[in-house]
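All values below were derived from every heavy atom in this structure, side-chain atoms included, with hydrogens, water molecules and symmetry-related copies excluded.
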Protein chains: 2
Amino acid sequence: MSTVVATHEVTLAVSTVIFALGSEGLRIPLVRRIRQPFEGQWALPGGPIEVSEALEASAGRNLFETTGLRSTYLEQLYCFGDVDRAPGERVVSVVYWALVRSDEAALAAVDENVQWFAADELPELAFDHNRIVDYALWRLRNKLEYSQIAHAFLGPTFTLAELREVYQAVLQRPVDPANFRRQLEKSLIDTGERLTGARHRPPRLYRYDSSVALTDNGPLSTTQKEA
Amino acid sequence: MSTVVATHEVTLAVSTVIFALGSEGLRIPLVRRIRQPFEGQWALPGGPIEVSEALEASAGRNLFETTGLRSTYLEQLYCFGDVDRAPGERVVSVVYWALVRSDEAALAAVDENVQWFAADELPELAFDHNRIVDYALWRLRNKLEYSQIAHAFLGPTFTLAELREVYQAVLQRPVDPANFRRQLEKSLIDTGERLTGARHRPPRLYRYDSSVALTDNGPLSTTQKEA
DNA sequence: GAAATAGTGTCTTTGAGACAATATATG
DNA sequence: CATATATTGTCTCAAAGACACTATTTC
């Protein structure tokens with residue numbers, strides 16, 4: 001029988017839940033574990049922290065190394081530290097969640113050990129990672145309703161229909177165009193331009209109003225520094 | 001050097017922001033540092049984690065060891081991990097926040113190195129602890145408005161006036177009794193008893209309805225397990 | 001019955017949501 | 001001009017807040 005919690009050491013790691021939004025809904029990149037425990041299973045990108053690297057920087061590095069992308073939104077999710085969450089070892093994981101732009105995510109290289117999955121149809125993941133993703137999804141859906149994070153999925157300009165589709169895809173329910181417009185128009189800037197080419201009335205193009213913070217994190221706010 | 005639980009050269013610690021509510025408003029217990037760095041200055045209660053102790057359990061231990069109290073509410077606040085937050089050392093702190101009942105807090109022993117301070121008039125604290133308390137205060141005020149945490153400051157039964165005073169003290173603004181009643185009555189249980197003895201109409205005594213969770217933390221919810 | 005707080009009634013305003021109606025590109 | 005979405009208008013309903021009013025206990 002192997003020793004449970006054998007070491008007198010605690011490993012500190014950072015993992016990141018990365019969300020992209022494609023035509024099939026929310027997607028998450030996972031990496032295949034190439035060593036024990038859970039060898040061969042899918043897991044969140046992450047790794048032990050560097051001594052002279054900020055937590056958020058570590059999460060950003062996770063993101064870049066697995067997807068080749070920079071995030072438009074990155075926030076700490078939670079610190080998971082149950083004693084038995086990794087077999088035979090005490091691992092405390094600071095988990096971040098990130099949003100990336102849909103168009104960029106499409107370009108992201110996928111090597112054999114990195115693969116994108118539909119966020120609500122994940123396989124059984126290593127460690128407690130299913131639970132972590134569930135929580136991240138909950139936070140994303142929650143936060144979408146009272147903040148401006150939806151913009152992080154889009155490019156610099158967008159139509160109201162595009163923005164509305166983000167809401168519909170994430171919340172998984174229809175949103176009334178007229179009411180949606182009234183709610184969000186005040187926090188947007190009209191670029192004056194329109195998106196022509198479709199065979200119907202061309203919609204206005206808007207820009208995100210950066211004078212309104214994406215989210216209100218109080219004293220941790222704007223810069224998203226952690227400490 | 002003491003047997004600190006460390007990974008490579010990163011120290012992992014747990015600290016706790018403890019709130020009690022007295023007649024003078026929100027109060028927080030701090031401990032005086034008895035060694036460098038910041039020797040002599042006040043700091044949040046906390047310490048390095050034990051290898052076989054859950055993070056939340058560690059926070060609960062902090063709480064008990066500094067105040068002699070058990071918390072009625074305990075939640076993870078944030079994980080602070082900036083590279084330079086402790087001079088000459090890399091310390092990552094998982095910070096919790098707790099609420100304790102006002103009547104119990106009054107009884108809490110205060111030794112020479114533990115002292116209660118008004119939450120909005122703190123001295124200059126060690127490390128980044130002022131910033132941490134600011135964030136905890138912001139979270140408390142925020143969460144008071146959309147959840148049921150106010151109950152954690154009170155005993156098993158209470159009048160609506162008492163509950164309302166919690167809101168007023170924390171939010172620092174007057175709350176209309178009539179509207180307050182209508183908003184919260186539905187989430188309370190009328191014990192059928194009244195609080196007599198004052199020289200006016202005796203108010204009903206209510207109980208907290210435990211079928212309604214104190215807060216909705218989604219997948220982390222009810223048990224407040226961290227992983 | 002005076003004092004003091006408990007508790008109720010009611011009006012106004014605000015915002016969300018349902019849904020009808022109008023506007024304007026392209027083919 | 002038909003089509004398809006953009007955009008505006010309007011109605012209803014629910015919740016929040018201001019505030020007047022009534023109720024009931026103790027002294």
### Query
For the atom pair CG (B/Leu205) and CD1 (B/Ile189), what is the distance rounded to the nearest 0.5 Å?
13.5 Å

### Query
Hey, what do you get for CD (B/Glu56) to CG (B/Leu74), rounding to the nearest 0.5 Å?
4.5 Å

### Message
Quiz question: going by heavy-atom distance under 3.5 Å, is there a donor-acceptor pair between the base of D/dA18 and the side chain of B/Asn179?
### Response
yes

In whole Å, what is the span from the [atom1] atom of [X] to the [atom2] atom of [N]?
{"X": "B/Glu145", "N": "D/dA16", "atom1": "CD", "atom2": "P", "answer": "12 Å"}
{"X": "A/Gln183", "N": "D/dT7", "atom1": "CD", "atom2": "C1'", "answer": "16 Å"}
{"X": "A/Glu165", "N": "D/dA6", "atom1": "CD", "atom2": "C1'", "answer": "13 Å"}
{"X": "A/Asp176", "N": "D/dT12", "atom1": "CG", "atom2": "P", "answer": "17 Å"}
{"X": "B/Arg181", "N": "D/dA18", "atom1": "CZ", "atom2": "C1'", "answer": "17 Å"}
{"X": "A/Leu195", "N": "D/dA6", "atom1": "CG", "atom2": "P", "answer": "10 Å"}
{"X": "B/Arg199", "N": "D/dC27", "atom1": "CZ", "atom2": "P", "answer": "8 Å"}
{"X": "A/Arg182", "N": "D/dA6", "atom1": "CZ", "atom2": "P", "answer": "15 Å"}

### Ring geometry between B/Tyr135 and B/Trp138 (parallel below 30°, tilted from 30 to 60°, perpendicular above 60°)
parallel

### Task
Give a yes/no verdict on a cation-pi contact between A/Arg70 and A/Phe64, requiring under 6.0 Å between NZ or CZ and the six-membered ring centre and an angle within 45° of the axis.
yes

### Query
Looking across every strand, which nucleic acid part, if any, lies under 4.0 Å from B/Ala178 by heavy atom: base, sugar-phosphate, or nothing?
base

### Query
So, B/Arg173 and B/Glu145, do they make that salt bridge, N to O below 4.0 Å?
yes

### Query
Any ion pair linking B/Glu193 and B/Arg204 (charged N to carboxylate O, less than 4.0 Å)?
no

### Of A/His200 and B/Pro203, the one whose closest DNA chain C nucleotide lies more 5'
B/Pro203

### Message
Let's go through B/Ile28 and B/Val133 carefully: what are the C-alpha distance in whole Å and the side-chain angles of both, what is the deciding distance for side chain to side chain contact (heavy atoms under 4.5 Å, CB included) to 0.1 Å, and is it a yes or a no?
### Response
CA-CA 9 Å; B/Ile28 295 177; B/Val133 173; 3.6 Å; yes

### Selected nucleotide, minimal atom distance to B/Arg201 side chain, candidates D/dA6, D/dT25, D/dA23
D/dA23

### Task
Would you grab the first and last nucleotide of DNA chain C (5' to 3') that comes under 4.0 Å of any non-hydrogen atom in chain A?
C/dA16 to C/dT26

